Every structure is written in structure tokens, then in C-alpha cells.
Amino acid sequence: MSDTTPAAETAAPHRYTAELAARIERRWQDHWDEHGTFAAANPDGDLDGQPDLAARPKKFIMDMFPYPSGVGLHVGHPLGYIATDVFARHQRMTGHNVLHTLGFDAFGLPAEQYAVQTGTHPRVSTEANMANMKAQLRRLGLGHDRRRSFATIDPEYYRWTQWIFLQIYHSWYDPDADRARPIDTLVAGFEDGSRPVPGGRPWAELTGPERAEILSGYRLAYVAQSPVNWCPGLGTVLSNEEVTSEGRSERGNFPVFKANLRQWMMRITAYADRLAGDLDVLDWPEAIKLQQRNWIGRSEGARVDFSVQGRDDAAITIFTTRQDTLFGATYMVLAPEHELVESIVPAAWPAGTHDAWTGGHATPAEAVAAYRKQAAAKSDVERQAEAKDKTGVFTGAYAVNPVSGEPVPVFIADYVLMGYGTGAIMAVPAHDSRDFAFARAFELPMRCVVEPGDGRGTDPHTWDDAFVSYDATIVNSASDTISLDGLGVVDAKAAVTTWLAERGIGEGTVNYRLRDWLFSRQRYWGEPFPIVYDEEGTAHAVPDSMLPVELPEVDDYSPRTFDPDDADTSPEPPLARNEDWVNVQLDLGDGNGTRSYRRETNTMPNWAGSCWYELRYLDPRNSDKLVSAEAEAYWMGPREGEPAGGVDLYVGGAEHAVLHLLYARFWHKVLYDLGHISSFEPFHKLYNQGMIQAFVYRDARGIAVPATEVEERDGAYYHDGEPVSRLLGKMGKSLKNAVTPDEICAEYGADTLRLYEMAMGPLDVSRPWDTRAVVGQYRLLQRLWRNVVDESTGAVTVVDTEPDEATLRALHKAIDGVSADMAHLRFNTAIAKITELNNTLTRTSSGGVPRAVVEPLVLLIAPLAPHFAEELWDRLGHTRSLAHEPFPVADPALVQDEAVTCVVQVKGKVKARLEVPPAITDADLEVLALAAPAVVDAVGGATVRKVIVRAPKLVNIVV
RNA sequence: GCCGGGUUGGUGGAAGGGUAGACACGGAGGCCUCAAAAGUCUCUGUCCGAGAGGGCGUGCGGGUUCGAAUCCCGCACCCGGCACCA
């Protein structure tokens, strides 16, 4: 494995080799474990005991925890873990009480699929995978507080996941208080009459199921019959967030169909506004904030009622963001599923109905029924593929444009979605490209009400597309009661909104793209719902005292999957097969005594466990509460610079931008509203690490060949003599390009691997792995080792003489730079500065390196190469781990060089370099520069028009 | 289509509007060695030149500035997100 031959080992038995690195690493990993070096102290509770630690400023540093997959880690996986470890170690050395640990997200599809593949129980394979991953991670020297680690599959953990579910279930969103409150407060309102009961009947007269049905409309977790994403290939339903824009499952890439099913939902839409608004106080990458904002899709506009001609009792309510174009609404469209459609359809086509509008049907009822059937049969994918071709049919009904009083025909068309806004729109073909396309196809009238600024004229019939602009003037928009002509878009909107509100036919509203979160899955390997159903089918919560509802042992835990393309299938939860578990006799403590119940057989999605794990790290053994108030306030409470509170640094992949991060924020806010925690955001600072990529080599058939067997000749690549293509891609077993941390550790040691991963480039950027280049960091450690230890005797060679001033300046410059880089996660440049300093020492200190320089240097590299640094620190005569040793602090007086190179430019070109003192004045420098021979030559007697002096680094002479 | 982010040597990458290419890999050469490995030293953007030196250079085209990889405008390409959301 090592490059060293036996002969060299005899010559240099104390060289820093892979073997020595392995010994050192094992030794220090054991030492840290034995001494609990990375234990973070809580202010109280069973993790207390180190008051001096708990008195320090805290830093809560977190990684997105892993799924314990069966294939093991490749070098890309630990990138973020190493980065947080380096940061955590640096923070520990700058006087912080640091909480850094790692748990496992062990429920869910990947674990289950692997278990199914290997034919073992998910718990058995998952636990084996976790043990394997823990061993792989331990080898990297990650400084985790092991006492705080757990897995989401631990019953003691998912007991609290179920508890939180019940908290959400037992809550409703009070719009007046703008927060979640216990459902009891709602019931109390219904009982005493202070809040009208939906349906109008007194609460006392309602039956149990009727009450349950009403409360379902308020609960933050509720069961509803609704169109959901059904994925036969996975055998489960999926949330909107888990379906790609191509209408396929994010996992497995199977087709997804709309099916109308009774499923658990989470009322995340109640939090849409806060989830969008609170992003402002978070220190997150703008790209991620933007993705969340887009997903939530807040849009301000107005609700407008259009009366239906000949029907005093019916009005069509639409949502628009362009109420300023109301005069331009020349027709309306309802979604095919809209509930009003049937009631507005007349018996016969109105006289003079355009042929193109009827779809060739004899009556409106026939036309509507045919179109509805056709629309329902279309999958989302088909619907999207045909997005450009607008289809629809006239309902035979006319509505009235409320401002102009003109009749407008009402269509149904599938380009209007039932799930957004009110499922109905006013169509303004002149100023909306979709309406324009539809109007062209159906020969509908258009009216220009926003003056085009591009010289196309005001006759829409001559246009190629709609004129869409927010920066333009309204025209053609006047009636007896209102005129918008001459107003800008913003003012016109305000005027229309006011006008509508005065007449009670509309108001300004806000709409969201976000839908409620589909929360149940038909899987075995997930948290059971703490819910049972009585004989009438009414859901009841399992009382807290009966938690956790444990996942039963079953013989057949594999999901029932189907032909991926067969939409005519329906989900079958594996738990439903277990009648003994499903049918129970329970006393729920609600006064009804022991009764028969059926358990809920769906399980929670794998996002559930990751929705709150940050909180459990704080107080992992608490059996009374999910987290003690003191621990939560200490580690996550709001404070200066972190107004929402939360984790100080959360590192993970950008692929969780919407899913995990949105769900976790939602749960956190519910817990905050209910008074369980003091922070109202879970993650204050978020950082997305890049991906480690690897070259994928493919032969003529397009099949990946093992990357290690590929040879390069003259810029081309060959495998077994055959040419292969090369493309940068992901690293993975299936692409035959995976490099494991174990291989690199064996060949160079974990410290080299850590350094290499951190030195490759900025943490947030993706870059290709290059095994050949790892040796560079190995050489750095060897050179630094040699500056301290004699390779043949093992003796420490540092000297106690004072370093010269140049060395001292180099040291303090490095300290200064490395400190700033560490604090800002710029580990690549920190390593460059350490390398530079070490190279300087190697070059200048042949008689032994002064201890006063080596010791700070060892501390500088300690967060990056901790075992290596601990070993040298020990050999330098220190008896305690350096984990809590103060990080070196630069002396400002020594940070600057004694002399700096000043560049003298003439017309922007460098003509001379001067060595000048850093404190030189502009005036002195100008004199020096103008006198330099090379400058005199370059100026050549021309008139100096201007001299720009930026002492001490630059002079620019303009002639 | 809309919204983000990016494009710097053979490679990964450095550069608060002020010496472009730090640090590292790879490559070339020297030293050490019987030899090799390891180590170490020098060179390594590109073109012209024996050399001193000079020209050109941060995806392309403009602009602002004494000075632009960096700021502004336009374009090309790559990556990511959303996608009939009214």
C-alpha cells in the first residue's frame, strides 16, 4: 500500500507513512472516545456536568443526516461532514461550547428497497448498514458527541415523532391570532356559539362523526379524499414535492398518476405566508430562498365575482393578479372539474353560437360531458405535453364583465387548474399569452387595455402574441363609474380593487401555489400513525401514554407494487395484511371505555423523522419531553444576529432545498406556536456543499467501464485497448467510478483525505475527484512532520531559540489569514496559507525549527488534520488533547511584512517594482516612483498628467 | 418560456476595482543514489526572441474607470430550479 520500500523504512523508520498515520489515527480516535473529548455540555439535565463549558458561547453545528444505504460511502459522501468537523473543531478552539453530532435517517424507501433486495428485515439490514457507516465515519476522525446520536427508527425517537404528529393533529390555525392553537379552543368556540359552526346547525346537535368531519376541515393534520399522486411502480402515493416536473417519481423515476384517494394531509398552506416571509431573517443561500419562495408561490391579486347571465343566484369567482386589465376580460374559463359547471349549462346552445365553440356537439350538456371525460382521462404528462395546443369547450353560459357590463362567454378548458386560486379565471387574451393562444384557437374577441410600449399598435388582432407588461399605461378602460385610462399598472390595480370592494363584488387577496402536504405512504418501513378508527370510521388519537405505537413484526414487509404504467391500481399498505395488529381493543381514556378499533395502516413519509431531529440532538435522552425548555433555549433560542433562533450552521446538499427544509420549517413553527420551543426557525445559517464528481468512462455500447482500468494516451482514453468516452458525472458504484474513503485512508491516512477534500476548492462548488492529486496533501503532512520529528531517530528536533523576525511575520500572516478563512468556511485557502508557511520553514530553518513557530503551526492545522496535530502536540511535550487549546491569535504588528513590493505602473502597465516600508506616505512613494530609472525611461520625457498613489502597494502614472 | 448560478493555464483552483494564475496536481530538467523509490532544488499561461526584453491573455462584443477576472449593457455556451399557477 505504501510507496515506502523496506529499505527506506530502515533508513527512515519514523517517517510519516500510511502505516504510521493509521497507528496515530487509531490511537487518537480511541483517546477521544475514552475521554469524551467532544461531549457538549448542556446547561442542565443529564448531559450537564461541565459548567465551565456550558458557560461559553454556544455553537450548534449540524449536517443533514444520512440514510444508511447498503452500498457504503464513497469519498463524496463525507465532504460536508469533514467540513462541519473542521469548522466545529475551530470553533471549539476559539472558546465555544460546540454541539456537533450525527444521527441516522433510517426509515424510508432506500432502506426498505435495499432490505427487499437482500431479503432481510429492514431493521436488520438498516442496523448493519448503520454499523458499517459508523465505522467508516469513525475512521475519518469526526469529532461528534456520540452520546447525542440516534436513529429515526429507534422507538424512543419515533415515539416523539408520533407525539408531534398528535400535536399537529390536535391543532388548528387561528387566522385571528395568526398561529396554531389547540383544537379545543376551536371546539369551545363552537360550543358557546362565539364561532359559527359550518353548516349552521348547533354543535350540541351534531353526531360524533359529523363533528369529526367539521374538525377535519380545521385540523393541521387531517384525512381527506382528494386527488393525490399515485405511483404504482413504487406502490405508494407521493407528495407534490416528490414528483418531478415530468410527472414522475423523484425516487425511481416511475410514472405518477392522479388518483382520488382518502389520505392524510398536513395543512402546510396555513403557514404559506410565514414560511415565505420568515426567509428574510435567515442566513441562507439566495438560490435556496428563491426556490422556496417560488415553491410557495405567493401572489397578490384580487378575487372578483362575475355574475352569470340569467342567473341571480350564481356568481363565478375568479382570482387574478391583473385586476387592472378587467376591462380586457372578453371571456371566462372554468376548470373542467369546477363545481359550478353543471349548474350553469343551459339546455341548448344560444342563438348564433360559433361553430368552433361547440366541439361539434348538439347541446352544451353533451359538449361539456365529453370534454370533462376527455380531460379526466389525461395524465399530467399528457396534459403538459399538449400545453401549447389549447383545448376547451363553450358551456353555453354567459357571464357579465362587472366593469364594462358586457356579456362574456364561459368556457371550460384544462389550461385552468382546479387546484389553484378558485379554479376559474377571467381571460384577458390581449395581455396573457395563454389566453391569447386560446382566443386565437376559438376565434374569441380581444381588447387591448394596456398600451403596448413596443409600437405594435392597439389592435390585438394584428399581434403575434399577447402584450404582457407591468410597466405601461392603461387605455380603453372607462365606464360610467370608473376610469383607469392613463393610470400605471400599480395605480390601476389599486383603483379597481377599491371599486370592487365598495360594491362587494371583490377584494384584494393573496394566493399561494403551495398545496397541502400529502403525509401518508403505503409502506412498511416508516413511523406508524398514532391513530385508530372506531366502528363508525371516525379517527381517534392514541393517547400520549400509549406511545410509541410500535411497528409490528411482519412476515411480508415488501410493498405491493404494480406495473408502473397501470393507473387502474390502488395502494395496499403492507401493515393492513397484519390483522392481529390492525384490530385492537383499547381504552383511549376518553370515557368510552374499552372498545374495538382498527389501526391506521399507512405510515409516515420518510421526511417525518428529519422534520425535528435537530431538536432531539439537544436533549436526546429526555423521556418526559421532546426537548427541555432550557436546552432548547440555550442551543437554539433567538439571540443577537439570529432573530429566529435555530442551528448556527447547517450543511447539506442543495437537493433538499424545498422538500426537507420546507417540511422541517413547518413543523418547527407549529411547535413554536404551541409553546414547546422558543425558536421559530430550525436552521439559522444554511450552507450547501458542492458535489464531488468523477469521470465516467463508457465504451462503444455506452456501458460504463471501471475508471481505474482506463488508460490515457495523447488526450484520448482507452479500456482494454478500445477507445472509451469520458464525461464528468456523479460518483457511484453503478458508474464504476466510486472511490471509497477506506481506500484513501489505507493508502495515505484519514488526515490526508480530510486535507485533500478541503483543499480541492471552495466548499460550495462541485469539482472532480482526482486520486492522483491526493498525494499533494500527503506531502504537506510529511514535510511538516519532518520539521518536527527526525525521521531516522524519531527525536523531536524543534529548537528553543527565538524565531527571526521574517519567520515571525510569516507565522502571524498565516495565523491572520487562516483564522479568517476558517471562520468563513474557506478551508481551501486556509490550507494554501498553512502550506506556504510550512514551505517557508522547510526552506529557512535547516538548523531546527523554533518551537515558537511550530506549536502555533500545529494548532493551525489541527482542525483540518486532527490526529496528526494531536500526535505532534503530544510529542512536543503537551499532556492534554489540543481539542480545547486556544487557536493562535495573530499579533497585528506582525501581520504586515517589513517591506512590501510597490508596483509602479505607467499607463496601466507595470514598469518597476520598489521595496518600500508599509507605512510609507503617498507623497514619499510618489517621489520614489517618479525617480525610478525604469519609470523615467517609460515616461520618456512626456508630460505626467496624473499620478495615482495607493500607498504602499501601487503607483500609476498617467502620461 | 421564466427565474437563479457559472465560464480564469494541461488539471483542481487563488486574486477587499490595483503585480492575473497563490496553493496543489501533472509535465520538463538538475541534485542525492551503483541504480531506483523517496526526498530536494529550478522551470512550467501563450506567442516572438539566443538573451535582455516585448506582444497577447480571465467565454465573446461593447461600456464605465488612471486602472476591470472583479462594476454596467448585450450575446454565446454550461449547470440547477420552476413550468398552462391566472
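Letters A, B, ... mirror the listed sequences (proteins, then strands); counts begin at 1. Bear in mind that the values here come from a model prediction, so they are computed numbers and not experimental data.
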When the distance from CG of A:L837 to C1' of B:C23 is rounded to whole Å, what number comes out? 13 Å

Considering only residues two or more places apart or on different chains, which pairs with a residue in residues 757-768 of chain A satisfy salt bridge (charged side-chain N to carboxylate O under 4.0 Å, His left out)? none

Base, sugar-phosphate or nothing for A:S766? Non-hydrogen atoms, less than 4.0 Å. sugar-phosphate

Determine the interatomic distance between C1' on B:A24 and the same-named atom on B:C32; round to the nearest Å. 25 Å

Measuring only the P atom in each nucleotide, how far is B:A50 from B:G57? A whole number of Å is fine. 24 Å

Polar pairs (N or O, both sides) under 3.5 Å between protein and nucleotides 3-5 of chain B?
none

Touch class at under 4.0 angstrom, heavy-atom based, for A:V947 against every strand present: nothing

Got a sec, which residues hit side-chain contact (heavy atoms from CB on, under 4.5 Å) with A:T708, two or more places apart in sequence or on another chain? A:P706

Is the distance from the ring center of A:F438 to that of A:F411 below 6.0 Å? yes

Of B:A86, B:G39, B:G18, the nucleotide closest to the side chain of A:L417 is B:A86

Give the C-alpha distance, both sets of side-chain angles, the deciding distance and a yes or no for side-chain contact (heavy atoms from CB on, under 4.5 Å) between A:L857 and A:V849. CA-CA 11 Å; A:L857 174 55; A:V849 183; over 6 Å; no

Rounded to the Å, how far apart are A:F436 CZ and B:C84 C1'? 16 Å

If you only use heavy atoms from C-beta on, which nucleotide in B:G13, B:A86, B:C23 is closest to the side chain of A:P762? B:G13

Spacing of the P atoms in B:G61 and B:C66 (rounded, Å): 23 Å

Reckon A:D414 touches a base, only the sugar-phosphate, or nothing at all at heavy-atom distances under 4.0 Å? base

Rounded off to whole Å, could you give me the CE-to-P distance for the A:M418 and B:A86 pair? 16 Å

Under the salt bridge (charged side-chain N to carboxylate O under 4.0 Å, His left out) definition, can you give me all pairs with a residue in residues 773-782 of chain A, not counting sequence neighbours? none

Intra- and inter-strand pairing of RNA chain B, written as dot-bracket with Watson-Crick and G-U pairs under 3.5 Å and | for the latter, reads (((((((..(((.....[....)))((((((.......))))))((((....))))..(((((..]....))))))))))))....

A:E242 and A:R251 ion-paired at < 4.0 Å: no

Tell me what A:T842 touches on the nucleic acid: a base, only sugar-phosphate, or nothing, going by heavy atoms under 4.0 Å. nothing

Restricting to salt bridge (Lys or Arg N to Asp or Glu O under 4.0 Å), what partner residues turn up for A:K833, sequence neighbours left out? A:D821

Which part of the nucleic acid, if any, lies within reach of A:R515 when heavy atoms closer than 4.0 Å are counted: base, sugar-phosphate only, or nothing? base

If each of A:N839 and A:D432 is mapped to the nucleotide of RNA chain B with the nearest heavy atom, which maps nearer the 5' terminus, i.e. the 5' end? A:N839

Spacing of the P atoms in B:G51 and B:G45 (rounded, Å): 15 Å

Measure from NZ or CZ of A:R754 to the centre of the six-membered ring of A:F827, then state whether that distance is under 6.0 Å and the direction lies within 45° of the axis. no

Would you tabulate the pairs of protein nitrogen or oxygen atoms and nucleotide nitrogen or oxygen atoms of nucleotides 65-67 of chain B closer than 3.5 angstrom?
residue	atom	partner	partner atom	Å
B:C66	O2	A:N956	ND2	2.4

Nearest whole Å is fine: how far is B:A38 C1' from A:L20 CG? 16 Å

By side-chain contact (heavy atoms from CB on, under 4.5 Å), A:A437 pairs with (sequence neighbours left out) A:K390

Test side-chain hydrogen bond (donor to acceptor under 3.5 Å, both in side chains) on A:Y512 and A:S299; report intermediate values, then the result. CA-CA 6 Å; A:Y512 300 93; A:S299 54; over 6 Å; no

Determine the interatomic distance between C1' on B:U58 and the same-named atom on B:A68; round to the nearest Å. 11 Å

Partner set under side-chain hydrogen bond (donor to acceptor under 3.5 Å, both in side chains) for A:Q374, not counting sequence neighbours: none

Classify A:K833 by what it touches in the nucleic acid, base, sugar-phosphate, or nothing, heavy-atom distance under 4.0 Å. nothing

A:W284 and A:Q292: side-chain donor and acceptor closer than 3.5 Å? no

Tell me whether B:G10 sits syn or anti, counting syn as a glycosidic angle within 90° of 0. anti

When rounded to the nearest Å, what value does the distance between P atoms of B:C82 and B:U19 take? 42 Å

B:U42 to B:G63 separation - C1' atoms, rounded to the nearest Å: 44 Å

Whole-Å gap separating C1' (B:G16) and NE2 (A:H824): 12 Å

Does the ring of A:W785 carry A:R15 above it, NZ/CZ under 6.0 angstrom from centre and within 45° of its axis? no

From CZ of A:R15 over to C1' of B:U40, roughly how many Å is that when rounded to an integer? 11 Å

Could you state the atom-to-atom distance from NZ of A:K953 to P of B:G16 in whole Å? 11 Å

Checking all strands, does A:R767 fall into the base, sugar-phosphate, or nothing category for heavy-atom contacts under 4.0 angstrom? sugar-phosphate

Euclidean distance, atom CG of residue A:D465 to atom C1' of B:C84 [Å, nearest integer]: 16 Å

Within the structure, does a side-chain N or O atom of A:N828 lie under 4.0 Å from either OP1 or OP2 of B:A14? yes

Under 3.5 Å, is there a donor-acceptor pair between the A:S792 and A:D790 side chains? yes

Gap between atom OG1 of A:T244 and atom CD of A:E250 - 0.5 Å precision: 7.5 Å

Pairwise N/O distances under 3.5 Å, protein to nucleotides 25-34 of chain B:
residue	atom	partner	partner atom	Å
B:C25	OP1	A:R779	NH1	2.6

Set of residues satisfying salt bridge (Lys or Arg N to Asp or Glu O under 4.0 Å) with respect to A:D435, sequence neighbours excluded: none

Select from A:M760 and A:Q291 the residue whose nearest nucleotide in RNA chain B is closer to the 5' end of that strand. A:M760

Could you work out the separation of B:A20 and B:C75 based on their P atoms and round it to a whole Å? 31 Å

For A:R843, which residues count as a salt bridge (Lys or Arg N to Asp or Glu O under 4.0 Å) partner, sequence neighbours excluded? none

